[in-house]
Protein chains: 2
Amino acid sequence: MNIAEVAKAAGLPAKTIRYYEDIGLIHPKRGENGYRDFSASDLHKLAFVGRARSLGFSIVECRALLGLYEDQGRASGDVKALAMTHVAQIRSKIDELRAMDATLSKLIQACHGDQRPDCPILAGLAKPAVG
Amino acid sequence: MNIAEVAKAAGLPAKTIRYYEDIGLIHPKRGENGYRDFSASDLHKLAFVGRARSLGFSIVECRALLGLYEDQGRASGDVKALAMTHVAQIRSKIDELRAMDATLSKLIQACHGDQRPDCPILAGLAKPAVG
DNA sequence: TATGGGGCTTCCAGCTGCTGGAAGGTCAAG
DNA sequence: CTTGACCTTCCAGCAGCTGGAAGCCCCATA
């Protein structure tokens with residue numbers, strides 16, 4: 001399989017796949033002509049990484065997950081620990097975003113939003129947070 | 001005021017303040033010795049940007065907000081529009097993160113997390129999403 | 001067999017928003 | 001006069017790609 005085919009199958013841009021090889025996530029072999037020649041296993045790994053990425057795992061985490069995936073003797077506890085750490089990060093990010101949303105929503109509600117210059121949003125940004 | 005003082009007052013690292021000058025958000029004047037000499041207005045702008053950043057506005061958005069802030073003839077509607085667009089982005093990010101959370105939480109719950117290699121989390125990553 | 005259009009390769013640069021560090025000038029205290 | 005804390009500039013690097021240039025390669029058609 002060459003890169004375009006694998007890209008389509010894995011749902012990743014060819015550029016990204018080259019990048020993943022670059023950083024050592026996959027090691028496709030090369031044909032006589034220098035073209036990458038992907039195996040089914042390469043494709044599986046790419047799809048795996050693609051899904052992990054779409055769940056927000058970093059490349060470092062993906063590398064670890066891939067290692068565990070390939071290691072037949074892994075302990076599921078290690079995987080679970082990694083995933084739980086990640087979920088915790090996701091949740092704290094959600095909390096952070098919700099706080100932003102709350103603050104901004106209040107300011108937006110207070111702003112009449114017309115042609116006049118008077119603006120509680122700018123006023124809110126100009127002064128230290130009060131609540 | 002020199003940079004350390006302003007950094008403390010604005011709650012931003014000196015490096016960040018230099019960077020903000022670099023990209024043209026502020027234009028502090030210079031003393032004889034080449035040191036930056038910040039005015040009260042520079043400080044206000046930095047604090048303004050700091051707050052906008054902490055609400056998740058991008059640098060580009062901060063630049064626009066700063067422009068509106070400085071423009072006595074602005075229409076509050078323009079500010080409100082900018083803020084509403086931003087809130088919409090925050091909310092879609094929250095939704096995205098919540099979807100990740102939901103998927104991962106399910107996988108984590110299904111995983112016994114012990115010494116055995118059998119792992120629904122890895123299995124979930126290895127196969128196309130089903131639900 | 002020549003040619004044209006696509007796909008493949010590499011490498012380099014740039015995006016966001018800083019942050020760390022090196023090399024060197026400056027200032028104030030002792 | 002020295003010491004140490006400041007200040008300056010510039011360069012490199014973080015994540016995770018993405019775009020583009022320059023140059024092979026392959027296949028189909030004329």
Student: Applying side-chain contact (heavy atoms from CB on, under 4.5 Å), name anything that partners Ala81(A), two or more places apart in sequence or on another chain.
Tutor: none
Student: Would you please name every residue forming a salt bridge (charged side-chain N to carboxylate O under 4.0 Å, His left out) with Asp37(A), sequence neighbours left out?
Tutor: Lys29(A)
Student: Reading DNA chain D from 5' to 3', where do the contacts with chain A start and stop? Cut-off is 4.0 Å to heavy atoms.
Tutor: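 First-to-last contact on DNA chain D, by the 4.0 Å heavy-atom rule, is dG16(D) to dC26(D).
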Student: According to the side chain to side chain donor-acceptor pair (under 3.5 Å) rule, which pairs have a member within residues 84-94 of chain A, sequence neighbours left out?
Tutor: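 Sorted pair list: Arg91(A)-Asp101(B), Arg91(A)-Ser105(B).
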Student: Is any side-chain heavy atom of Tyr20(A) closer than 4.5 Å to a side-chain heavy atom of Leu46(A)?
Tutor: yes
Student: So, does Lys45(A) use its side chain to make a donor-acceptor pair with the main chain of Ile26(A) at under 3.5 Å?
Tutor: no
Student: Output side-chain donor-acceptor pairs under 3.5 Å for residues 54-67 of chain B, partner residues at least two apart or in another chain, one line each.
Tutor:
residue  : atom : partner  : partner atom : Å
Ser54(B) : OG   : Arg51(B) : O            : 2.9
Ser58(B) : OG   : Val60(B) : N            : 3.4
Ser58(B) : OG   : Glu61(B) : N            : 3.1
Ser58(B) : OG   : Glu61(B) : OE1          : 3.4
Glu61(B) : OE1  : Ser58(B) : N            : 2.8
Arg63(B) : NH1  : Ile23(B) : O            : 2.8
Arg63(B) : NH2  : Ile23(B) : O            : 3.2

Student: Where along residues 87-97 of chain A does a heavy atom fall under 4.0 Å from DNA chain C?
Tutor: none
Student: What pairs with Arg53(B) under salt bridge (charged side-chain N to carboxylate O under 4.0 Å, His left out), at least two apart in sequence or on another chain?
Tutor: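 Partners of Arg53(B) by the salt bridge (charged side-chain N to carboxylate O under 4.0 Å, His left out) criterion come out as none, since no residue qualifies.
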Student: Answer yes or no: is there a donor N or O on one side and an acceptor on the other, between the side chain of Thr16(A) and the main chain of Leu12(A), under 3.5 Å?
Tutor: no
Student: Any residue in residues 26-36 of chain A with a heavy atom nearer than 4.0 angstrom to DNA chain D? Just list them by number, or reply none.
Tutor: Asn33(A), Tyr35(A)
Student: Could you give the CD-to-P distance, from Glu61(B) to dT16(C), as a whole number of Å?
Tutor: 12 Å
Student: Considering residues at least two apart in sequence or located in another chain, which fulfil the salt bridge (charged side-chain N to carboxylate O under 4.0 Å, His left out) criterion with Asp78(A)?
Tutor: none
Student: Is a side-chain N or O of Arg74(A) found less than 3.5 angstrom from the main chain of Pro117(B), in a donor-acceptor match?
Tutor: yes
Student: Let me know the distance between CD of Glu21(B) and C1' of dC18(C), rounded to the nearest Å.
Tutor: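 Whole-Å distance recorded here is 16 Å.
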Student: Counting only heavy atoms not in Glu70(B), do more than 12 fall under 6.0 Å of its CD?
Tutor: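 Count over threshold, so yes.
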Student: With sequence neighbours excluded, give me every salt bridge (charged side-chain N to carboxylate O under 4.0 Å, His left out) pair touching residues 111-121 of chain B.
Tutor: Asp114(B)-Arg116(B)
Student: Using five base pairs at each end to define the local axes, how bent is the helix from dT1(C)-dA30(D) to dG30(C)-dC1(D), to the nearest 10°?
Tutor: 30°
Student: Do Val79(A) and Tyr69(A) have side chains that get closer than 4.5 Å, going by heavy atoms?
Tutor: no
Student: Are Tyr35(A) and Ile17(A) in one and the same hydrophobic cluster, where Ile, Leu, Val, Met, Phe, Trp and Tyr link if side-chain heavy atoms are under 4.5 Å apart?
Tutor: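 No; tracing contacts between hydrophobic side chains, which count when under 4.5 Å, never links both residues.
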Student: Using a heavy-atom distance cut-off of less than 4.0 Å, which residues of residues 2-19 of chain B contact DNA chain D?
Tutor: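 Residues of residues 2-19 of chain B under 4.0 Å from DNA chain D: Asn2(B), Ile3(B), Ala4(B), Lys15(B), Arg18(B).
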Student: Taking atom CE as the centre, does Met1(B) end up with more than 12 heavy-atom neighbours from other residues, nucleotides or ligands that are less than 6.0 angstrom away?
Tutor: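 Counting other residues, nucleotides and ligands, CE of Met1(B) exceeds 12 neighbours.
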